[in-house]
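In this text, all values refer to a predicted model and were calculated from it rather than measured experimentally. Numbered from 1 within each chain, the chains take letters A, B, ... in sequence-line order. Every heavy atom of this structure was used, including side-chain atoms; hydrogens, water molecules and symmetry mates were not.
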Amino acid sequence: MKLLSKYTLVNLFVSLGIFVIGGIIYFKAISYLSDQQLDRDLTEEYAEKVSFIDQHQRLPKPFEFDTYEAKFRDIGQYTEPIRFLDTIVSTNSGDKIISCRAIKGTVRFKGRNYEMTVTASTEATQSVVKLVSTITIALVILLFIALLVVNRIVFKSIWAPFYKLLEHLKDFSLAKSPSQPPVDPMKIVEFKELSHAIELMEERARDEYQSLKSFTENASHEMTTPVAVINSNLDNLIQDESLTKSQLEQLEGIYSASRRLSHLNQSLLLLVKIDNGLIHDLAEVDLANCVKVKIKQFGELLQDKNVKISLNLLPKTIKASNYLVDILITNLLSNAIRHNYYDGEIAIVLDETMLLIENTGKSETLDNHRIFERFQKEPSSEGTGLGLTIAKNICLSYGFKLEYQFAPPYHRFYILF
Amino acid sequence: MKLLIIEDELILAKSINTYLASEGNICEIAADVHSAIDKLSLYEYDAIVLDIGLPDGTGLEILNYLKSSRNDGGVIIISARNALDDRLTALNLGADDYLVKPFHLAELKARIMAIYRRRNFQGQNLLDYEQITVDLDKKEVNIEGKPLVLTKKEFDMLLYFIANKDKVISHNALVDHLWRDEVIWGESFDFLYTHIKNLRKKLTDATGKDYFSSVYGIGYKFN
């Protein structure tokens, strides 16, 4: 739930509760006050009527008192105390029932007791109460609307810096060039502190990342010189004509180890560069052409394994680094050849939405998650175990997806643009 | 040919020296910017092998010095850094070539020879080796005047072998040279053998002499 909705909802419930309770109290109070007023009037009337009866020793005629109607009932010797009550009476015409307030009491004349009921219509007061209630409810609704609108406007402007900070955080990437977190123009202390905290956090993250990055880079660079020393010494050593077969075999072993070390090193450096977005020579890359060039380059290797290759390439260009696309296709294609068997097949399909490279190979599926992880490789494979990670990271850096599927007998790697 | 190797890693410098110092080549070694500039101010060199990272500065300072002193020598950079920017900076400052560490000495020699040829030959750019004449501009090979048709890979390989004549070239160095980026690492060298075999056969057929001798398990020698 959004902060604004949550806040407005709480606000609404609380105000609704207060208004309901307040309304009830208000209603009761008005009713009470109007009843009081009516009761006072009735009491006066009652007293007037009693004194009239005392004076004239007869019951008054209806027209002699124009305000309130009085009714009399002979109750013999029975007396009743004076009391007030709410009642209803039907009008003279009898078609309408109206609610009334009444006072009942006993009057005595000519040796007999009469129950006198003086009634007053409460219609008037009730309509006042109704009117007041309507106005109140209208006001409440108006207030709610005003509250919602004001909340929304005020909320938006007060919390604007917060949302800006949120956007800033969402946008945060260690690889991007640093930008200052936005500062609250309204100078609300909490937001200022938040902005400051974010700035510090980003700085720290960036520092640590930077040192990690330069560590990886420096470590890789520092490794190249010893490997160069090994290589060059080997190059000189093999010039010696007195070397025996077994010595030459051992030297070949050292050669290939140093070669792998060097490739591992290059791959790690490349990964660091891709992950940090350090390769940004963006250009329009013609993928179909890239694939064709690569296949030509791999010609000997394909021939060597007698792998049949079928192409179905539609024109497709992407905005990417030529260098990285080259590596991407090299890695996928070299895997397709390397893990193929003799007389196997490779099919490459390119269209608007994807590039698919499928090859025959081992008859069991590969672990979909593990193959893209660093240093995950078959024990028999002499690769670095970084090829697919590099391919995946190149795809990720351009917002593409690299996925694997086993559709016997084909291992499918496809890039979704 | 007179060469200056500017490299602070002494073992590497010596190793380069050992490989290059033959056929009357003279090599000198400088381990830092200071001594390198001392040497450059006193002597003329045909080619300079320059490391970018030096203890008292960078190889770029030396490039600047060479530019201002109008030194004739060709410069090949050997650097641990493979960034495009570094490469472009060095080439813009007048370096002739850029080789990333680790490299094979055969590759270094082939490139030095190429730079040297580019700088010292006017007119027809021909390379002779016994009966073999290579026209580097037209990318053609003639055996005693008769053209020999080679594939691109075979042509590259022949040049590489001639540049490193009398040296054993390892399979690794050959594969690195011919396939550079697209090579499948750790794969057997079967596809290399096919190319060598073809080149060897063509040359033997045309010249009547087998220039290649294979060194067990490790590589080939051209002489």
With chain A as the partner chain, list the residues of residues 94-109 of chain B whose heavy atoms fall under 4.5 Å from it, by residue number, and write 'none' if nothing qualifies.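 The stretch touches chain A at Lys101(B), Pro102(B), Phe103(B), His104(B), Leu105(B), Ala106(B).
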[X]/[Y] ion pair, N-O < 4.0 Å:
X	Y	value
Lys152(B)	Asp156(B)	yes
Asp210(B)	Arg200(B)	yes
Lys201(B)	Glu154(B)	no
Lys294(A)	Asp326(A)	yes
Arg259(A)	Asp176(B)	yes

Ring centres under 6.0 Å, that's the criterion: do Tyr129(B) and Phe161(B) meet it?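 So the answer is no for these two rings.
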What about the rings of Tyr220(B) and His171(B), do their centers lie closer together than 6.0 Å?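 Yes, they do, as the ring centres are separated by less than 6.0 Å.
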Val227(A), Asn233(A), Ile230(A), Ile238(A): which one forms the most heavy-atom pairs within less than 4.5 Å of chain B?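 The answer is Ile238(A).
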Quick check on the interface: out of Met223(A), Gln303(A), Lys245(A), who has the most heavy-atom pairs with chain B under 4.5 Å?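 Top option by heavy-atom pairs under 4.5 Å: Lys245(A).
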Only distances under 3.5 Å count here; give the side-chain donor-acceptor pairs of residues 388-397 of chain A to other protein atoms, sequence neighbours excluded, each with its distance to 0.1 Å.
residue   : atom : partner   : partner atom : Å
Thr389(A) : OG1  : Phe372(A) : O            : 3.2
Thr389(A) : OG1  : Glu373(A) : O            : 3.3
Asn393(A) : ND2  : Asp275(A) : OD1          : 2.8
Ser397(A) : OG   : Ile394(A) : O            : 2.7

Under 4.5 Å, counting heavy-atom pairs only, tell me which of Ile218(B), Asp166(B), Ile169(B), Leu12(B) racks up the most with chain A.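 So the answer, after comparing Ile218(B), Asp166(B), Ile169(B), Leu12(B), is Ile218(B).
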If you count heavy-atom pairs under 4.5 Å with chain A, which of Gly217(B), Ala173(B), Gly219(B), Ser15(B) comes out on top?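 Most heavy-atom pairs under 4.5 Å with chain A: Ser15(B).
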Within-4.5 Å side-chain heavy-atom neighbours: Asp135(B) and Asp137(B):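 Of all side-chain heavy-atom pairs linking Asp137(B) with Asp135(B), at least one is under 4.5 Å.
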Proximity breakdown for Asn218(A) and chain B, heavy-atom pairs closer than 4.5 Å: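 Looking at Asn218(A), just its side chain touches chain B.
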Side chain / backbone / both / neither for Glu249(A) at chain B, heavy atoms under 4.5 Å: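 Side chain only.
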